[in-house]
Amino acid sequence: MGTTYSSLGLITRENQRYRVTVIVDRCKECGICISVCPTKVLVKSSVLNKYGYRPPEPAHIEKCIGCRLCEYNCPDFAIFVEVASK
Amino acid sequence: MAVTPGYLHPLDKHLRLDRIPTLYCPGCGLGIGLGAMLRALDKRISEGVVDRNKVVWVGGIGCTARMAFYVSYDSAHVLHGRAIPFATGVKLANPELTLIVVGGDGDIAGIGGNHLLHAAKRNMDMITVMFTNFVYAMTGGQVAPTTPLGVRTTTTPHGNPEPPLNIIKVVASLNANYVARASVTTPHYIEQFFYRALGMKGFRFIEVVSTCPEVYGRHIGLRDPVEMYNELKKRVKYKPNPTIDEALIDWEKGIIIGEFMVRDNPSYLEIIRGLK
Amino acid sequence: MRKTFASGNMAIAEAAIVAGLKFYAGYPITPSSEIMEYLAERLPGQGGIVIQMEDEIASINAIIGASWAGAKAMTATSGPGLSLMAEGLGLAVMSETPIVVVDVMRAGPSTGVPTKTTQADVFQVRWLTHGDYIIPSYIPWSVQEAYDLTIKAFNTAEKLRTPVILLSDAVIAHLWEPLVIYERGEVEIIERKKPTSKDNYKPYMPGDDLIPPMACFGESYNVLVESLTHDERGYYAPTNMYHKNTVLRLMLKIVKNINYVYEQETYMVDDAEVLLVSYGSTARTVYAAIRELRRRGVKAGMLRPKTLWPLDEERIYNSVSSRIDRVIVVENNMGKLFLDMKRIFRDREVYSAPVVSLELPTVKEVIEVVEQWL
Amino acid sequence: MKVEVLIIGRGGQGVLLLGRILGLSISKYAGKYAVATETYAAETRGGESRTDIVIGDSMHDIDYVKVQSPDIAVFMYPFNLDKYLKMLRPTTMVFIDEEYVDPGLFTGFKLFHHRYSEIAESRLGTRRVANVVIAGHMAKATSIWSLEHLKKTVVDLTPEKWHQLNIKALELGYSL
């Protein structure tokens with residue numbers, strides 16, 4: 001099944017507490033976010049961005065604990081975590 | 001595909017968004033470091049310690065130096081090695097400004113080494129963040145002051161004959177008020193140290209050990225960004241209140257990070273104000 | 001206004017203060033050091049700062065930084081130090097930074113004779129850094145003119161957003177002469193053009209005069225100083241179009257203002273048949289020599305550029321009557337401005353009269369080298 | 001009017017200051033034009049120190065800023081005397097400090113000689129103002145400088161705490 005994303009170029013997934021957003025066209029597919037995530041929320045998506053990179057997708061968003069390691073370790077300001085509004 | 005929208009990421013307001021994505025290679029540690037610095041700066045601005053309109057970023061030449069033109073601040077992308085003297089002139093001409101110098105080890109400790117020594121000796125009021133990636137990256141992988149002994153680079157094809165420079169020991173031996181080392185694999189320490197530096201005066205120096213998977217990684221067989229990141233992470237060890245003698249930086253024996261020097265010596269500006 | 005007795009180095013320092021100097025960074029080098037020593041004493045009392053940097057490279061980069069922080073900034077050096085400043089001057093050209101660099105010429109190449117003069121840096125100041133550019137350069141022949149042209153150098157730098165070089169020499173540096181010093185308000189001082197609006201400000205967007213208004217650090221304009229070839233925003237623009245436009249504009253903004261930048265004086269040219277061209281300290285002796293030649297029956301006149309670069313070629317050509325058929329260029333070097341005069345006076349006989357002397361050439365020496373072409 | 005003055009001494013004797021005093025006095029207070037050039041050896045103290053002063057009515061009276069044929073010569077120390085003796089003319093007024101320079105070498109010139117340094121030390125307590133004593137003596141002997149102008153000049157050029165000493169030195173020289 002293909003990854004879906006918004007017309008703003010964002011892949012957004014949220015669980016009850018956290019929302020993870022990927023800015024598709026900033027990603028360079030280095031894989032660091034996927035590697036540092038302690039609960040394995042992220043997987044490589046099926047999307048090709050305008051530079052030909054495949055950004056991550058928070059496929060297992062239910063496991064997200066909001067540690068922000070993906071956000072802090074992303075070299076390209078391409079992923080961030082917010083507390084989901086109730 | 002839609003264009004990248006306006007402010008989305010929490011750090012977007014600090015970036016010249018029309019220049020993002022950066023020119024950095026995939027997995028380059030520099031972006032991680034920049035992000036950490038911007039989070040610290042954001043905190044200091046919201047605390048009112050730093051005025052957003054009175055911050056100047058200065059970079060020389062090299063991958064790291066380009067950070068200066070990715071941030072939406074007053075900034076200068078000047079000559080190779082000369083960011084520190086440029087920043088010295090800025091600071092002395094307008095002491096209200098907060099000066100942040102960014103550069104790689106070639107820029108700051110190689111060609112600009114003498115300026116670094118003198119700025120530290122003067123305790124000149126500025127923060128210098130030097131990213132050590134063990135190689136000249138932008139010019140294509142030549143040997144750097146920090147390249148470990150024996151590593152083959154494009155200009156040392158038979159192995160680097162020179163032992164590397166431990167810049168922390170050099171700067172700490174001078175009159176700098178703050179000397180710390182972090183790693184891109186520990187962005188929270190970069191943020192913490194830079195935050196602390198922003199609240200101090202005098203010469204503040206932070207070395208950030210970084211990954212260069214594309215160029216240095218190629219030389220040492222760690223071309224995959226994740227692999228290189230993880231290999232660096234394994235070698236990095238935080239030590240609370242380490243001594244200068246403990247400032248080990250050695251790919252084989254380990255890399256000690258921490259705050260090696262925190263003091264409150266009179267800064268250059270304080271001294272000249274006292275002399276007038 | 002007050003009358004005093006001063007050396008050329010003191011005159012330059014005094015002029016810089018009245019022009020509004022607020023930041024001086026330098027590295028000691030004979031025969032320029034008294035400029036820094038004098039300013040170190042005087043400038044702090046005027047709200048300025050003097051710092052001795054670790055070398056000339058640091059000095060020029062520091063003054064460029066200071067200029068972007070809004071201060072009028074200067075450094076002074078001699079030939080070897082100027083060589084080290086080459087790259088920094090290029091940065092000042094590219095980033096359109098107003099700075100003044102004083103080169104007190106000494107004998108070279110290399111360490112040469114530190115305490116003695118020549119005029120051999122003429123091409124060094126013209127072609128110091130790589131790339132295409134024009135750095136306006138002034139060359140005084142007296143202590144008073146060292147003072148006046150230092151003020152002019154600051155005014156040119158601020159008006160045209162450019163580095164400017166003042167080319168003094170070891171003779172002028174240590175020559176003591178009567179000097180009239182002005183107070184602020186008694187002499188025209190030009191300040192850089194500032195932007196009028198923050199909306200859509202671009203640091204390198206020129207006005208009709210080809211000169212971009214200059215916002216400085218700390219004024220909330222998000223200025224960007226860029227050493228790479230850039231667009232109006234300061235963003236790296238490695239395309240033919242931007243490179244050509246940038247280089248053209250950097251040169252045209254100087255050339256279009258040549259009436260402001262270029263200054264010269266002529267002496268006894270109205271009835272002259274032989275024209276001696278000379279500049280700086282050497283022109284003092286050449287002036288004495290043309291009077292001596294006239295006593296001997298040679299109708300000699302003199303042209304003395306006070307601006308070395310850019311030369312106003314049309315004005316130089318037109319300042320000479322058709323009676324003059326020979327032009328002799330007398331310089332304390334192996335012949336440099338001669339090459340330009342040869343091109344400018346293409347329909348005359350143009351000769352080089354090099355007087356290579358560590359001291360100011362004497363009248364006798366000048367007449368000796370000139371005589372062979374009479 | 002054109003007057004050339006050559007001053008030779010040893011580093012530390014105040015040759016350069018003497019040149020500045022003579023030059024400023026003429027150009028600021030006597031309405032004439034003076035140029036002075038300074039030459040010194042690399043060593044700060046002890047090497048040859050030379051000041052040339054050329055005086056004219058205006059800048060254009062001065063053909064050449066260095067002394068070619070001195071009207072007045074001052075020798076505080078005998079450096080390169082062979083060279084300088086050749087520059088002198090029979091009409092040249094020569095001032096020497098005979099503590100250091102042998103008056104016998106200057107036969108045929110209009111010679112003024114005193115032990116200026118010793119006089120300064122015994123009468124004013126310091127040899128350092130020997131140069132100013134000479135200036136005072138030159139004012140009396142030459143009629144080119146006026147004592148009043150020189151007094152104003154030393155006030156212009158020296159720190160306040162030395163004003164009285166320098167004025168006394170000028171008066172002492174003038175009384176010789």
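Chain A is the first sequence line, chain B the second, and so forth, proteins listed ahead of strands; every chain is numbered from 1. Remember, it's a predicted structure, so these values are computed and weren't measured experimentally.
For A:L69, no part sits under 4.5 Å from any heavy atom of chain B, backbone or side chain. Proximity to chain A (any heavy atom under 4.5 Å) is shown, for B:I190, by neither the backbone nor the side chain. Contacts of B:Y24 with chain A are made by both backbone and side-chain atoms, with heavy-atom separations under 4.5 Å. With a 4.5 Å cut-off on non-hydrogen atoms, B:L30 does not touch chain A at all. Neither the backbone nor the side chain of B:D224 comes within contact range of chain A; no heavy atoms are under 4.5 Å apart.
Looking at every heavy atom in both residues, B:V226 comes nearest to A:C30 through CG2-O, 3.3 Å. The two residues A:I79 and B:H9 make their nearest non-hydrogen contact at O-NE2, 3.4 Å. The two residues A:K28 and B:L23 have their closest heavy-atom pair at NZ-C, 4.3 Å.
Here the side chains of A:R26 and B:L17 are in contact, with some heavy-atom distance below 4.5 Å. Contact of the A:E71 side chain with the B:P10 side chain is registered, since non-hydrogen atoms from C-beta on lie closer than 4.5 Å. Counting heavy atoms from C-beta on, the side chains of A:S35 and B:N230 come closer than 4.5 Å. By the 4.5 Å heavy-atom criterion applied to side chains, A:F80 and B:L11 are not counted as neighbours. Within the 4.5 Å cutoff, the side chain of A:L10 has heavy atoms near those of the B:L8 side chain.
Per-residue counts of heavy-atom pairs under 4.5 Å with chain A were compared for B:C25, B:P26, B:G29; the largest is that of B:P26. Between chain A and the options B:P225, B:G31, B:P213, the largest number of non-hydrogen pairs under 4.5 Å is found for B:G31.
Counting non-hydrogen atoms of neighbouring residues, nucleotides and ligands closer than 6.0 angstrom, the NZ atom of B:K237 reaches no more than 12 such neighbours.
Separation of atoms CD1 (A:I32) and OG1 (B:T185) is listed at 10.0 Å; rounding is to 0.5 Å.
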